[in-house]
*Asks:* 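The structure is given below, and queries will be raised subsequently.
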Amino acid sequence: MRIVFDLGGSVVMPKEGAKAEKIMEYANIFKKIKDEGHEVAIVVGGGKTAREYIEIGRELGASESFCDELGIMATRMNAMILITALGDYSIKKVPTSFEEAELILNLGKIPVMGGTHPGHTTDAVAASLAEFINADLLVIGTNVDGVYDKDPNKYEDAKKFDKMSAKELVDLAISSSLKAGSSSVVDLLAAKIIERAKLKVAVVKGTPEELLNVSKGIINGTIIEG
Ligand code: U5P
């Protein structure tokens, strides 16, 4: 399978800070998935670093699009760290376009992208990349174990979807914020791309174990299809 992994920045760069062993653990899982015969492409989010820089930029009067640029830089730093841990499985260059990412994939390596342009999150980058390279599966690894009707970290009565259609995902994304650094399950653009490209998507908790499980067809989260 050709799989695009969309890793939330909070997964790679948690609130308590980055840890080399944790990043190596992720890199080892991606190497394993590739060794099992899959083609792997990765998009990483900005996490804590992005949120901190965006907040300071906003306080200093930066526009939302400039804050987005700060966020993009943070996503690329996270991508560089993961590339470092992947060693020969990747290439020491963060692709800034889908063409570049596809080229790296076609060289038999793992491309690791961050953001591209202001106005969306890395979810939209991952969905676009999956569409561009005609991926069989887009895996969204987040800090919750699937898609809920509302934020499960805030609402105790939030209900998880085992399966949902792309249209239902779009409806859910419409109600979320588009401000720099906002964190909903996926942003609206990502949901619309998933819908138009008819992508098969698995939303799972972004732990190394669950990412490996998905590559084996075990999805402990939400499947978005149709
Ligand atoms: N961002 C963009 N464009 C991209 C990727 C990221 O503007 O292609 C900015 C957004 O402000 C986003 C932040 O909230 O960087 C961090 O990315 P993410 O972790 O939310 O995906």
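Remember, predicted model here, so these are calculated numbers, not experimental data. As the structure lists them, so they are numbered: ligands from 1, and atoms in each ligand from 1.
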*Asks:* Do any nitrogen or oxygen atoms of Asp123 lie less than 3.5 angstrom from nitrogen or oxygen atoms of ligand 1?
*Replies:* no
*Asks:* Is Glu69 close enough to touch ligand 1? Criterion: a residue heavy atom under 4.0 Å from a ligand atom.
*Replies:* no
*Asks:* Mark up the atoms of ligand 1 that fall under 4.0 Å of a heavy atom belonging to Gly45, in ascending order.
*Replies:* 19 (O)
*Asks:* Using a 4.0 Å cut-off to any heavy atom of Gly46, which atoms of ligand 1 qualify?
*Replies:* 17 (O), 18 (P), 19 (O)
*Asks:* Which atom pair, heavy atoms only, marks the closest approach of Asp149 to Leu172?
*Replies:* O-CD1, 3.7 Å
*Asks:* Provide the number and element of each atom of ligand 1 under 4.0 Å from a heavy atom of Thr116.
*Replies:* 4 (C), 8 (O)
*Asks:* For the residue pair Lys163 and Phe161, would you count it as a cation-pi contact if the rule is NZ or CZ under 6.0 angstrom from the ring centre and within 45 degrees of the ring axis?
*Replies:* no
*Asks:* Give me the atom names and distance for the closest heavy-atom approach of Ile194 to Ala166.
*Replies:* CG2-CB, 4.2 Å
*Asks:* Less than 3.5 Å between some nitrogen or oxygen of Val125 and one of ligand 1, yes or no?
*Replies:* no
*Asks:* Search all heavy atoms of Val112 against all heavy atoms of Ser90 and return the closest pair with its distance.
*Replies:* CG2-OG, 4.1 Å
*Asks:* Quick test of your reading of the structure: of Gly47, Ala50, Gly71, Gly57, whose heavy atom lies closest to atom 15 (O) of ligand 1?
*Replies:* Gly71
*Asks:* Applying a 4.0 Å heavy-atom criterion (strictly less than), which segment of Met113 is in contact with ligand 1: side chain, backbone, both, or neither?
*Replies:* neither
*Asks:* Taking all non-hydrogen atoms of both residues into account, name the closest pair between Thr116 and Thr96 and its distance.
*Replies:* CG2-O, 3.9 Å
*Asks:* How long is the gap from NZ on Lys216 to CD1 on Ile33, to the nearest 0.5 Å?
*Replies:* 9.0 Å
*Asks:* Which ligand 1 atoms does His117 reach within 4.0 Å, using its non-hydrogen atoms?
*Replies:* 2 (C), 3 (N), 4 (C), 7 (O), 8 (O)
*Asks:* Of the side chain and backbone of Leu70, name the one, both, or neither that has a heavy atom under 4.0 Å from an atom of ligand 1.
*Replies:* neither
*Asks:* Return the orientation label for the Phe98 and Phe132 ring planes: parallel under 30°, perpendicular over 60°, tilted otherwise.
*Replies:* tilted
*Asks:* As a check for students: among Gly119, Gly115, Ala190, Pro118, identify the option with a heavy atom nearest to atom 5 (C) of ligand 1.
*Replies:* Gly115
*Asks:* Answer yes or no: are there more than 12 heavy-atom neighbours, outside Asp88 itself, under 6.0 Å from its atom CG?
*Replies:* no
*Asks:* When only distance counts, is Asp68 in polar contact with ligand 1, meaning an N/O pair under 3.5 Å?
*Replies:* yes
